[in-house]
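These numbers were taken from a predicted model, which means no experiment stands behind them.
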Amino acid sequence: MKNLILAVVVFFVGFSIQAQEKGNKNAKYVIEVNGNCEMCQSRIQKAAYSVSGVKSASWSIESHELSLILNEEKTTILAVKKSIAKAGYDTDEVKALVESYDKLPGCCQYERK
């Protein structure tokens with residue numbers, strides 16, 4: 001009887017762990033995004049969140065790093081970088097158009113590389 005109960009418990013625990021692993025399509029990324037101030041922070045995070053599938057976006061003023069969690073079934077990291085570039089900010093892979101950069105307030109116009 002004990003063996004039967006133990007077998008049932010092991011079966012259900014194994015089944016639930018497997019189900020959780022299949023459902024987790026979220027990925028974490030850290031990318032470099034140029035910017036200067038809290039207004040930049042707000043715009044960068046807003047641009048990231050505008051992409052469907054972005055679960056979390058936090059940009060650090062000091063390190064110029066954007067920490068992201070996104071659902072890879074709904075979006076890609078490249079789509080997020082394009083959205084940020086459209087807002088006027090350069091990323092490591094996608095550069096903002098001059099027109100988008102020029103629309104930024106003076107305090108947000110960082111030194112472009």
Side-chain angles (χ1 to χ4, degrees):
M1 184 67 177
K2 287 182 182 179
N3 288 340
L4 179 61
I5 292 173
L6 182 62
V8 170
V9 169
V10 169
F11 173 76
F12 282 115
V13 169
F15 183 72
S16 67
I17 291 172
Q18 182 182 12
Q20 289 175 1
E21 289 175 2
K22 287 184 179 180
N24 189 4
K25 301 295 180 186
N26 293 336
K28 295 180 182 180
Y29 294 93
V30 176
I31 60 172
E32 182 180 345
V33 181
N34 293 321
N36 293 326
C37 62
E38 290 178 7
M39 286 178 24
C40 294
Q41 183 180 46
S42 175
R43 284 187 181 89
I44 291 167
Q45 291 175 179
K46 183 177 179 181
Y49 278 119
S50 73
V51 179
S52 178
V54 173
K55 303 291 183 187
S56 174
S58 178
W59 184 73
S60 169
I61 296 170
E62 294 80 28
S63 68
H64 293 212
E65 290 182 339
L66 177 66
S67 300
L68 290 167
I69 298 175
L70 55 94
N71 183 333
E72 291 186 316
E73 289 181 337
K74 295 184 178 181
T75 193
T76 64
I77 190 67
L78 184 59
V80 176
K81 290 178 180 182
K82 286 180 181 180
S83 177
I84 292 168
K86 188 175 177 180
Y89 297 93
D90 293 341
T91 66
D92 55 350
E93 191 175 357
V94 182
K95 303 300 179 198
L97 295 175
V98 174
E99 297 82 24
S100 298
Y101 174 79
D102 288 342
K103 290 180 183 176
L104 294 174
C107 66
C108 294
Q109 292 188 355
Y110 51 90
E111 186 176 325
R112 297 187 88 180
K113 297 176 185 179

dist D102:CG -> Q109:CD (nearest 0.5 Å) comes out at 6.0 Å
Separation between CD1 (I44) and CH2 (W59), nearest 0.5 Å, reads 4.5 Å
Where the side chain of D90 meets the backbone of A96, is there a donor-acceptor pair that is under 3.5 Å apart? yes
dist I31:CD1 -> I84:CD1 (nearest 0.5 Å) comes out at 4.5 Å
Whether the side chain of Q41 engages the backbone of I61 through a donor-acceptor N/O pair (distance < 3.5 Å, no angle test) should be reported. no
Margin query: Classify the ring geometry of Y110 against Y101: parallel below 30°, tilted from 30° to 60°, perpendicular beyond 60°.
Written below: perpendicular
### Query
Is K25 salt-bridged to E72, going by a charged N under 4.0 Å from an acidic O?
no
field: E32 bridged to K113 by N-O distance under 4.0 Å
entry: yes
#### Entry: Test log, rule side-chain hydrogen bond (donor to acceptor under 3.5 Å, both in side chains), inputs S58 and S67
CA-CA 5 Å; S58 178; S67 300; 5.8 Å; no
Distance col, row Y49:OH vs K55:NZ, nearest 0.5 angstrom, shows 11.0 Å
Check the surroundings of atom NZ in K82: do more than 12 heavy atoms from other residues, nucleotides or ligands lie under 6.0 Å from it? no
Query raised in the report: Within a radius of less than 6.0 Å around NZ of K86, do more than 12 heavy atoms belonging to other residues, nucleotides or ligands occur?
Result: no
(request) Give a yes or no answer on whether the side chain of K95 reaches the backbone of T91 with a donor-acceptor pair at less than 3.5 Å. (result) yes
